[in-house]
**Student:** 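Below you will find the structure I want to go over with you.
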There are 2 protein chains.
Amino acid sequence: MNDIPGEAVLPDGRGGPHVFVADASAPVLDDGDHHHLARVLRLRDGDPITVGDGAGRWGRAVFRSSDEPELTAEVVVVAEAESTVAVGFALIKGGRPELVVQKLTELGVDRILPLTAERSVVRWDDTKASAQVERFRRVAREAAMQSRRVWLPQIDEVSAPGEVVVAHGLAVAEHGGDPIDGSVRALLVGPEGGWTTDELVDHRTVSLGQTVLRAETAAIVAGTLLTAIRDGRVSPPAGPTA
Amino acid sequence: MNDIPGEAVLPDGRGGPHVFVADASAPVLDDGDHHHLARVLRLRDGDPITVGDGAGRWGRAVFRSSDEPELTAEVVVVAEAESTVAVGFALIKGGRPELVVQKLTELGVDRILPLTAERSVVRWDDTKASAQVERFRRVAREAAMQSRRVWLPQIDEVSAPGEVVVAHGLAVAEHGGDPIDGSVRALLVGPEGGWTTDELVDHRTVSLGQTVLRAETAAIVAGTLLTAIRDGRVSPPAGPTA
C-alpha cells in the first residue's frame, strides 16, 4: 500500500540516508544515529533523510542538527510482504557470523537463525549466546539502514537445527541435495564438515551448487537465491513450484 | 572428458585437500603448500589429496611428508567449460576487494576484473596496482584450492570499465536496469555511488534487485546469479535466452 501517489514504494537511497525510529509518524533519533548522521555522514539542517520503524512504515523527512527530524510527507505504509524467506547458518570456530548477518540483511532475507551444529560447533554458554545475538541485531540494524530496508529482519535466538520451527518450506543445504525451488522458504546452512546424519533426519536437502563453498559463502548464496526467487528475478529451472 | 570410469568429474572435497601444481601429471608441491598440508592441515604420509594445474587437469594423489606426492590414478582431463562468466568490480576506498575476489573464486566465476570508477575511485599508481593484482591472484589461488576448483579464475589487470573487452554478453549493474538473463556473461559492478553517465555509455544495464547493496555485496550477488544461471540451477523468469 502506498499513500502518496507517484511516491517510490521503497526507499532507494535517493532520498538520503535511512534511519530507524520507534514511530515513523513522530520520528525521534537516538543519540548514536543522530551522531552518525551529523558527524559521520555530515548532514546539515534541511538535508533529506528517510525514517522507518523497521516494521514496514516509513516516510521522508528532513534532518535537523539540533532537533528531531521533520516529516515532509505523509507516512507511507508498506503492505506486508506476501511471502518471507529465512536463512539459518551454523556458528563455526573462526567464522565471521557478523559478515553473514550483514549480507543476509542487505539481501532482504526476512529471518536469520544462528544455529549450533554438531560439527565445528561453537560452544557458548547462555550469557555469551545472548550477547552475540544482541550483537547480531545491532549489525542487522546498521545493515538495514545502510541498505534502506523498511523491514528489519528477525534474528532468532541461537538454537539447534532440530529445534527450528517455520511455517513451511524448511530445508537444509547439503551437497547432492535437490535443486533449490520456490517451495523452499527457509534454508539451513551447515558447517563446512556438513550436517550429521542425525541433524538431517526428517529434513529435505537442497544443493547450493557443485562448488565447495565456505560456510559463510554458502549462507550468502542461500540468501541470494531465496530472495531472487521470492522476488521473481530468477526461477527454478522447472518453473516456480510455489 | 573423464578418463576414469566411475570417477567424480570434479574434486568434491571427499578426496582430501586440493592443491595447485605446475604439472598435474608429475606433481611437485611448492614449499608454502607443502607446509600448509603438513603443518596446518596436519596430513600424514599416505593421506589422500587432489592435485590440479588450475587449467582443467587434475588427479588423485597421496601426500608424502618428505617427498613429492604420488599420483594414485591417471590424471583426469576436464573438458573446457562450455561457457564462462565474468564479474568486474570497482575498487573503492575502504572496500574489501580481497573478500570479493575470494567469494567470486569460490562461486566458480571464470574471470574477475578489478576496475577503477570515476566515483569512489581508488587512485593507485602502476606499482601499487600491480602489487594488488598479485595479491588478488594469491587470494584466488588459496580460495580455488579451498573450494577444489580445477580452473583458476583469470584475474585481469586493473582497468577502466570502458577498456573492458569480452567476447559477448557485457552489461553493467545499475539500479532500474533490465532483469538479469542468460545473455549476460560479463557483469560490471560499480561503486555505491553508481557509474557516471559516461561510464554507462553503450553498455546494457542490468538490475541486481530492488535492495540497495554495498558494492562488495553486489559483486557477490552478480557472481552467484551468473554462475547459477550458467550451471542451469536457476533460470531468468522468461526462461533461458542464451
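A note on names: the letters A, B, ... follow the listed sequences, proteins ahead of strands, and every chain is numbered from 1.
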**Student:** Using a strict threshold of under 4.0 Å (side-chain N to carboxylate O), is an ion pair present between B:Asp181 and B:Arg204?
**Tutor:** yes

**Student:** Select one option (side chain, backbone, both, neither) describing which atoms of B:Leu99 are under 4.5 Å from chain A's heavy atoms.
**Tutor:** side chain

**Student:** Just give me the residue among A:Glu216, A:Arg214, A:Arg149 that pairs up with chain B most often, heavy atom to heavy atom, under 4.5 Å.
**Tutor:**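 Sorted descending by pairs with chain B, the first entry is A:Arg214.
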
**Student:** Salt-bridged, B:Asp33 to B:Arg141, with N to O below 4.0 Å?
**Tutor:** yes

**Student:** Name the residue from B:Thr50, B:Val51, B:Val19 that meets the side chain to side chain contact (heavy atoms under 4.5 Å, CB included) definition with B:Trp58.
**Tutor:**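 Of the listed residues B:Thr50, B:Val51, B:Val19, the side chain to side chain contact (heavy atoms under 4.5 Å, CB included) partner of B:Trp58 is B:Thr50.
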
**Student:** Between chain A and each of B:His18, B:Lys103, B:Glu106, B:Gln102, count heavy-atom pairs under 4.5 Å; write down the option with the most.
**Tutor:**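 Top count of heavy-atom pairs under 4.5 Å with chain A: B:Glu106.
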
**Student:** Return yes if some donor-acceptor pair links the side-chain N/O of B:Arg137 with the main-chain N/O of B:Ile155 below 3.5 Å, else return no.
**Tutor:** yes

**Student:** Can you tell which of A:Ile220, A:Leu213, A:Ile180 has the highest number of heavy-atom pairs within less than 4.5 Å of chain B?
**Tutor:**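 Looking at each option in turn, the highest pair count goes to A:Leu213.
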
